[in-house]
Colleague: 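Once you've had a glance at the structure underneath, I'll fire off some questions.
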Amino acid sequence: NPNYEFAGERYTLKDLRDVPREHLRLTRALGQGAFGEVYEGLYKMRPGDAVEMPVAVKTLPELSTLQAENDFMLEALIMGKFNHPNIVHLIGVCFDKHPRYIVLELLSGGDLKTFLRESRPRNDRPSALNMKDLLMCCVDVAKGCKYLEENRFIHRDIAARNCLLTAKTPGRIVKIADFGMAREVYMSDYYRKGGKAMLPIKWMPPEAFLDGIFTTKTDVWSYGVLLWEVMSLGYMPYTGCANRNVMSLVVSGGRLEPPPNCPSLVYAIMTSCWHPEPPQRPDFATILEKLAGCLQDPETLATPLKPMIGLTESC
Ligand SMILES: CN1CCN(c2ccc(C(=O)Nc3n[nH]c4c3C=[N+](C(=O)[C@H](O)c3ccccc3)C4)cc2)CC1
């Protein structure tokens, strides 16, 4: 079975807590994961306990290839090494037999992209969110990214779809929750899964989609696109553009336009993340400082939210 290097140490499956299957009860489906279903469940921490802990359970279908088995295991290994409030916590695994389970912290608010789209102002209801809410979401993700950066871990797929919320209500916390692409690189040492279509082109910098070069500055570029997703309240970046058009647009210096009503201080962070030269892009500590500045700027905070009406085709 695969072993795994993180922060200078090697880990294998035995390092993960084994969750006895009989202490786990799957209650309802939460959604379709990259492998199989993701369920909400209840986990009895200690056999005698009356209280059961709500959890999320990722399942691997019985009829899986050895490759999928390995990828699934590797994702557990990857997540098992992290310990940060803005990264979804791994509770344990059930790998004794099929179906295999990865048991994770339950986040009940759903994914960030869906949350943003659901929160758009409608004529019957002004947006439930304000600029501060949006910036707080961005701060949470940047904190998670800063932790990964400090541990020299490249996520490779920072995007609103891969982030989850503890709740939709105020006091919500956003966490980075999907490490599928990072896992890809560990398994792509000897083979590439699928064709180009697998790559999140609209979140990738030129050096990544042209030359396959991935560094922490790749995640910074993607984070800039996540900022745009948040400020546009969940729009698809480069709306209506095919991936190949986005690649040529970006290579020739084209960039996403500021979403309507996007404060200039926030747009300035995005564009700094999209510098053509990776070393010129800020690190996540700097991004957090700039976001703190936005949160202390009354004009920025007072900016009303407005969804995009007609999006200009940028390609
Ligand atoms: C009215 N709404 C309808 C939607 N609803 C939901 C919809 C989905 C979820 C959900 O998947 N929660 C999860 N908690 N922990 C993990 C989850 C997923 N995980 C995974 O690892 C998944 O692969 C994953 C990762 C990132 C993003 C999505 C899915 C780990 C929770 C509430 C709230 C109420």
Colleague: Within 45° of the six-membered ring axis of Trp228 and under 6.0 Å from that ring's centre, is NZ or CZ of Arg255 located there?
Modeller: no
Colleague: If you take all heavy atoms of Val141 and Ile176, which pair is closest and at what distance?
Modeller: O-CD1, 3.9 Å
Colleague: Report, as yes or no, whether the 6.0 Å neighbourhood of atom NZ on Lys113 holds more than 12 heavy atoms from other residues, nucleotides or ligands.
Modeller: yes
Colleague: Hey, mind stepping through Thr59 and Arg100 against side-chain contact (heavy atoms from CB on, under 4.5 Å) and telling me if it holds?
Modeller: CA-CA 6 Å; Thr59 62; Arg100 307 205 190 290; over 6 Å; no
Colleague: Do you know which two heavy atoms are closest between Leu90 and Ala76, and how far apart they sit?
Modeller: CD2-O, 3.9 Å
Colleague: Nearest 0.5 Å, please: how far is CD1 in Ile287 from OG in Ser272?
Modeller: 6.0 Å
Colleague: Go through it in stages, so that I can follow the logic: the residues are His98 and Glu69, the test is side chain to side chain donor-acceptor pair (under 3.5 Å), and I'd like the CA-CA distance, side-chain angles, deciding distance and then a yes or no.
Modeller: CA-CA 10 Å; His98 283 290; Glu69 287 261 358; 3.2 Å; yes
Colleague: Do other residues, nucleotides or ligands put more than 12 heavy atoms under 6.0 Å from the NZ atom of Lys146?
Modeller: no
Colleague: Quick one: do Leu288 and Lys143 satisfy side-chain contact (heavy atoms from CB on, under 4.5 Å)? Show the steps, please.
Modeller: CA-CA 7 Å; Leu288 278 167; Lys143 285 177 176 173; 4.0 Å; yes
Colleague: Is there side-chain contact between Met204 and Leu199, with heavy atoms separated by less than 4.5 Å?
Modeller: yes
Colleague: Please tell me whether Asp219 and Thr216 have a donor and an acceptor in their side chains that are separated by less than 3.5 angstrom.
Modeller: no
Colleague: Which value, rounded to the nearest 0.5 Å, describes the distance between Leu295 atom CG and Met131 atom CE?
Modeller: 10.5 Å
Colleague: Going by heavy atoms in the side chains, are Phe209 and Val251 under 4.5 Å from each other?
Modeller: yes
Colleague: Measure the shortest side-chain to side-chain distance between Arg172 and Phe115 over non-hydrogen atoms and say whether it is less than 4.5 angstrom.
Modeller: yes
Colleague: So, Thr114 side chain and Gly110 main chain: donor-acceptor pair closer than 3.5 Å or not?
Modeller: no
Colleague: For the pair Glu75 and Lys58, evaluate side-chain contact (heavy atoms from CB on, under 4.5 Å) and give the outcome as yes or no after the intermediate values.
Modeller: CA-CA 11 Å; Glu75 181 154 357; Lys58 288 184 94 162; 3.1 Å; yes
Colleague: Answer yes or no: is there a side-chain heavy-atom contact under 4.5 Å between Leu112 and Arg161?
Modeller: no
Colleague: Under the 3.5 angstrom rule, does the side chain of Asp211 hit a backbone N or O of Ile213 as a donor-acceptor pair?
Modeller: no
Colleague: What's the separation between atom CD in Glu105 and atom NE2 in His89, rounded to the nearest 0.5 Å?
Modeller: 7.5 Å
Colleague: Rounded at 0.5 Å granularity, tell me how far CG in Leu301 sits from CG in Asn130.
Modeller: 8.0 Å
Colleague: Ignoring hydrogens and angles, tell me if any N or O in the side chain of Ser232 forms a donor-acceptor pair with the backbone of Pro259 under 3.5 Å.
Modeller: no
Colleague: Mind running side-chain contact (heavy atoms from CB on, under 4.5 Å) on Phe153 and Ile78 for me, showing each step along the way?
Modeller: CA-CA 10 Å; Phe153 186 90; Ile78 289 175; 3.6 Å; yes
Colleague: For side chain to side chain donor-acceptor pair (under 3.5 Å), just list the numbers for Glu207 and Trp221, CA-CA rounded to whole Å, side-chain angles, deciding distance to a tenth of an Å, and then say yes or no.
Modeller: CA-CA 11 Å; Glu207 77 276 1; Trp221 178 291; over 6 Å; no
Colleague: Is it true that atom CD of Glu299 has more than 12 heavy atoms of other residues, nucleotides or ligands lying nearer than 6.0 Å?
Modeller: no
Colleague: Using residues 261-270 as the side-chain source, report each donor-acceptor pair under 3.5 Å to any protein atom, sequence neighbours left out, with the distance given to one decimal.
Modeller:
| residue | atom | partner | partner atom | Å |
| --- | --- | --- | --- | --- |
| Asn261 | ND2 | Pro304 | O | 2.8 |
| Tyr267 | OH | Leu256 | O | 2.6 |

Colleague: What's the separation between atom CE in Met231 and atom OG1 in Thr303, rounded to the nearest 0.5 Å?
Modeller: 9.0 Å
Colleague: With a 3.5 Å distance limit and no angle check, can you tell me whether Arg21 reaches the backbone of Lys97 through a side-chain donor-acceptor pair?
Modeller: yes
Colleague: Passes ring-ring contact (aromatic ring centres under 6.0 Å, His included), Tyr147 versus Phe284? Steps please.
Modeller: CA-CA 9 Å; Tyr147 172 81; Phe284 284 104; over 10 Å; no
Colleague: Give the minimum heavy-atom separation between Thr286 and Asp283, together with the two atoms involved.
Modeller: OG1-OD1, 2.6 Å
Colleague: Do Leu227 and Val230 have side-chain heavy atoms sitting under 4.5 Å apart?
Modeller: no
Colleague: Applying a strict under-4.5 Å side-chain criterion to I, L, V, M, F, W and Y, I'd like to know whether Phe82 and Ile173 cluster together.
Modeller: no
Colleague: Counting C-beta onward and ignoring hydrogens, is there a side-chain heavy-atom pair between Glu229 and Pro237 closer than 4.5 Å?
Modeller: yes
Colleague: Is there side-chain contact between Leu233 and Arg117, with heavy atoms separated by less than 4.5 Å?
Modeller: no
Colleague: For Asn162 and Asp157, indicate whether the former's side chain and the latter's backbone hold a donor-acceptor pair under 3.5 Å.
Modeller: yes
Colleague: Between Thr300 (side chain only) and Gln296 (backbone N and O only), is there a donor and an acceptor less than 3.5 Å apart?
Modeller: no
Colleague: Side-chain heavy atoms nearer than 4.5 Å, only ILVMFWY residues, links allowed to pass through others: does that put Phe214 and Val250 together?
Modeller: yes
Colleague: Can you tell me how far apart CZ (Arg156) and CG (Leu148) are? Round to the nearest 0.5 Å.
Modeller: 13.0 Å
Colleague: Tracing side-chain links under 4.5 Å among I, L, V, M, F, W and Y, which residues wind up in one group with Val19?
Modeller: Leu24, Leu26, Tyr39, Tyr43, Met45, Met53, Val55, Val57, Ile91, Tyr101, Val103
Colleague: Could you pull out the closest heavy-atom pair between Asp49 and Lys44, with the gap in Å?
Modeller: O-NZ, 3.4 Å
Colleague: What's the shortest heavy-atom distance between Leu165 and Leu107, and which atoms?
Modeller: O-CB, 3.3 Å
Colleague: Before you tell me yes or no, could you show the steps for Lys168 and Glu118 under salt bridge (charged side-chain N to carboxylate O under 4.0 Å, His left out), namely the whole-Å CA-CA distance, both residues' side-chain angles and the distance that decides it to 0.1 Å?
Modeller: CA-CA 10 Å; Lys168 296 177 195 268; Glu118 288 173 351; 2.9 Å; yes
Colleague: Between Arg28 (side chain) and Glu40 (backbone), is there a donor-acceptor pair under 3.5 Å?
Modeller: no
Colleague: Please name the pair of heavy atoms, one in Leu60 and one in Ala68, separated by the smallest distance, quoted to 0.1 Å.
Modeller: CD1-O, 4.1 Å
Colleague: Test of understanding: clusters of I, L, V, M, F, W, Y form through side-chain heavy atoms closer than 4.5 Å, transitively. Do Leu42 and Leu30 belong to the same one?
Modeller: no
Colleague: Got Phe72 and Ser64 here, is their nearest side-chain heavy-atom distance under 4.5 Å?
Modeller: no
